[in-house]
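Right, one structure below, let's go through it.
Throughout, protein chains are lettered first and strands after them, A, B, ... in sequence-line order, and every chain is numbered starting at 1. Scope of the values below: all heavy atoms of this structure, side chains included, with no hydrogens, waters or symmetry mates.
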There are 2 protein chains.
Amino acid sequence: MPVQNALTRKDGRSQLASPPSVQLGRSFEPIGAPTAFARNEEVFGEGEPAEYLYKVISGGVRTYNSLDDGRRQIAAFYLPGDIFGLEARKFHSVTAEAITRSMLHAVKKTKLMSRPSGDLMMTHLLLDLTTQELHRTQAHILLLLRSAEERVVGFLLEIAKREACKREFDLRMSRQDIADYLGLTIETVSRTLTRLENAAVISMQTSRHIVLRYRPALHRLNS
Amino acid sequence: MPVQNALTRKDGRSQLASPPSVQLGRSFEPIGAPTAFARNEEVFGEGEPAEYLYKVISGGVRTYNSLDDGRRQIAAFYLPGDIFGLEARKFHSVTAEAITRSMLHAVKKTKLMSRPSGDLMMTHLLLDLTTQELHRTQAHILLLLRSAEERVVGFLLEIAKREACKREFDLRMSRQDIADYLGLTIETVSRTLTRLENAAVISMQTSRHIVLRYRPALHRLNS
DNA sequence: CGACCATTTGATATGGATCAAGCGATGTGG
DNA sequence: CCACATCGCTTGATCCATATCAAATGGTCG
């Protein structure tokens, strides 16, 4: 069931005061039907031509770079409502995969361009999206400098902010995904979550279900 | 003496096939005179309104976030020809300071907007700059995941690519600046450089003057 | 020359990686 | 319906890269 946040209401209009000119939904009025992707299915690969933008309807997507030493750096997670597929160059610099079964809405960029005043609209859309990506990326850098515990807490707060219920939610991604996003090992992520649970800061009914029990501590750790 | 690279020739036109629509110089034709900034002088501070774009004429600039624990994360170094001051929001999210005595050319954004077809041009300019920033930031993330040695080598190659002479150059920034950019301590940066010199991969006449002596080893380390 | 600041070098401590094993849920074939 | 394999996660023991603490060196400017 797709989560509907302020940027993804059916009518495609935001109710938030949009920082620059963020009305992303507007340019993404349904054209064609959403496509289904299976868990771990590739949406596009590094190096392929970047012709489409995608909007997550349900499920979730990870984008990543494969490192030469076999590791994987996850660049971002895209949750329902998020748009991805944006690239600076003509080709994708990351690979995108569904993290769970997902519905994605794809729009060909040239199609957007060809509509009346498409160029201006497209440029604005791209600027908004790029700006948002830049923000996300800068925040990611700041996260990577911190201790393992701070990274994990930062990650939980980041996800919580984007989920419908900010206090209790299911993680769509595996421990390995989280580790690859935070630049940690799976063991460290696991141990850190266990420690947070022991400290009664969070609780986990199952390994994928998180309850943020004591926010002040989380924000203190996230300082 | 400002370095002139392909993007900053006097006529403001690039000779490179520009990836998206990068013609940054064009919009930055001299309006008013450049301003001098002393070493460590602040150009703008975190939280201030972002009204101007700046172009580095000579010297260099660092942008950074102050971390709550007193550390400092340098987001980027801007060298002659680079444009900075771009912000997603209405306010600066970083502080900018001159790393050496620098000449900067400032252009008020509203001024660019008010010129004929200013809005379209401005949007394109912002998109180009934002895209470039996004690239830089993504590359920065990948750098931060590597070992100390790989980070330092990556940094040297990154700087070399942007300097006039790619084999031999002066570092405009201190060891502390480098450390804060790479998420390392000053001691680790220093030790790593010493080790590279002992391995005859680089040489340093002075601590600020770098000669890349053996590229293959550098690229191997950068893999 | 002397003070100051940036850099280097040395000794030790430690957070997180690595290696290894155990556990719990889920699914499959007999 | 149960034995068993598989997969994702957790837990434990040890190791190592980098931080930390401390001091020496060198370069610059008054």
Side-chain angles (χ1 to χ4, degrees), chain A residues 38-40 60 62 67 69-74 97 99-101 143-156 170-199 202-210 221, chain B residues 38-40 60 62 67 69-74 97 99-101 143-156 170-199 202-210 221:
Chain A
R39 188 167 117 88
N40 294 327
R62 61 176 168 251
L67 275 52
D69 59 6
R71 285 180 312 159
R72 191 180 66 152
Q73 173 59 20
I74 291 188
E97 290 172 354
I99 50 184
T100 64
R101 176 168 180 77
L143 205 56
L144 289 176
L145 294 166
R146 300 165 165 277
S147 70
E149 185 166 72
E150 290 171 322
R151 290 187 223 186
V152 171
V153 167
F155 170 77
L156 290 178
D170 282 305
L171 292 174
R172 297 162 202 271
M173 63 293 284
S174 70
R175 293 287 187 272
Q176 187 63 62
D177 286 335
I178 299 172
D180 290 346
Y181 180 72
L182 296 177
L184 298 170
T185 59
I186 186 177
E187 293 96 330
T188 299
V189 170
S190 179
R191 275 188 248 272
T192 304
L193 287 170
T194 303
R195 238 181 297 121
L196 289 172
E197 180 160 42
N198 290 340
I202 65 170
S203 67
M204 298 183 282
Q205 266 89 51
T206 73
S207 66
R208 295 291 187 104
H209 190 82
I210 303 284
L221 287 171
Chain B
R39 186 168 118 89
N40 294 328
R62 62 177 167 250
L67 275 51
D69 58 6
R71 285 180 313 157
R72 190 180 67 152
Q73 172 60 21
I74 291 189
E97 290 172 355
I99 51 183
T100 64
R101 176 168 181 77
L143 205 56
L144 290 176
L145 294 166
R146 301 166 164 276
S147 71
E149 186 166 70
E150 291 171 320
R151 290 187 222 187
V152 170
V153 167
F155 170 76
L156 291 178
D170 281 306
L171 292 174
R172 297 166 147 85
M173 63 293 286
S174 69
R175 292 289 186 271
Q176 188 63 62
D177 286 336
I178 298 172
D180 290 346
Y181 179 71
L182 296 178
L184 298 170
T185 58
I186 187 176
E187 293 96 329
T188 298
V189 171
S190 180
R191 275 188 248 271
T192 304
L193 286 170
T194 303
R195 239 181 298 121
L196 290 172
E197 180 161 42
N198 290 340
I202 65 170
S203 67
M204 298 183 282
Q205 265 90 51
T206 72
S207 67
R208 295 291 188 106
H209 189 83
I210 303 284
L221 289 171

Length of the line joining [X]:[atom1] and [N]:[atom2], which is rounded to integer Å:
X	N	atom1	atom2	answer
A:Glu187	D:dG12	CD	C1'	11 Å
B:Leu193	C:dT9	CG	P	11 Å
B:Leu182	D:dA17	CG	P	19 Å
A:Asp69	C:dA17	CG	C1'	13 Å
A:Ile186	D:dC7	CD1	C1'	10 Å
B:Arg39	C:dA6	CZ	C1'	9 Å
A:Asn198	D:dG12	CG	P	10 Å
A:Asp180	D:dC9	CG	P	12 Å

Nearest-nucleotide comparison on DNA chain C, the residue closer to the 5′ end among B:Arg175 and A:Gly183: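 The residue closer to the strand's 5' end, by nearest nucleotide, is B:Arg175.
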Pairing of A:Arg72 and A:Asp177 as salt bridge, 4.0 angstrom limit: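 Result for this pair is yes, salt bridge flagged.
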Of the options [options], whose atoms approach the side-chain atoms of [X] most closely?
X	options	result
B:Thr188	D:dC9, D:dA19, D:dA22	D:dA19
B:Ser207	D:dG8, C:dA17, C:dT7	C:dT7
A:Thr185	D:dG12, C:dA17, C:dT8	C:dA17
B:Ala148	D:dT10, D:dT18, D:dG8	D:dT18
B:Leu184	D:dT18, D:dG8, D:dT10	D:dT18
A:Ser190	C:dA6, D:dC9, D:dT18	D:dC9
A:Arg191	D:dG12, D:dT10, D:dT20	D:dG12

With sugar-phosphate meaning primed atoms plus P, OP1 and OP2, does [X] contact a base, only sugar-phosphate, or nothing at under 4.0 Å between heavy atoms?
X	value
A:Ser147	sugar-phosphate
B:Arg146	nothing
A:Thr194	sugar-phosphate

Side-chain H-bond candidate by donor/acceptor type, A:Arg62 with A:Asn40, under 3.5 Å: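 Their side chains do contain a donor-acceptor pair, which is all the 3.5 Å distance test asks for.
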Tell me, do [X] and [Y] make a side-chain contact under 4.5 Å, heavy atoms counted?
X	Y	answer
B:Leu196	B:Glu149	yes
A:Val152	A:Leu184	yes
B:Val189	B:Glu187	no

Under 3.5 Å donor-acceptor pair, A:Gln176 side-chain atoms to D:dC9 base atoms: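 Side chain to base: no pair present.
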Heavy-atom donor-acceptor pair, B:Ser190 side chain to B:Ile186 backbone, under 3.5 Å: no
side-chain N/O A:Arg208 vs C:dA25 OP1/OP2, d < 4.0 Å: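 No, because none of the side-chain N or O atoms of A:Arg208 sits under 4.0 Å from OP1 or OP2 of C:dA25.
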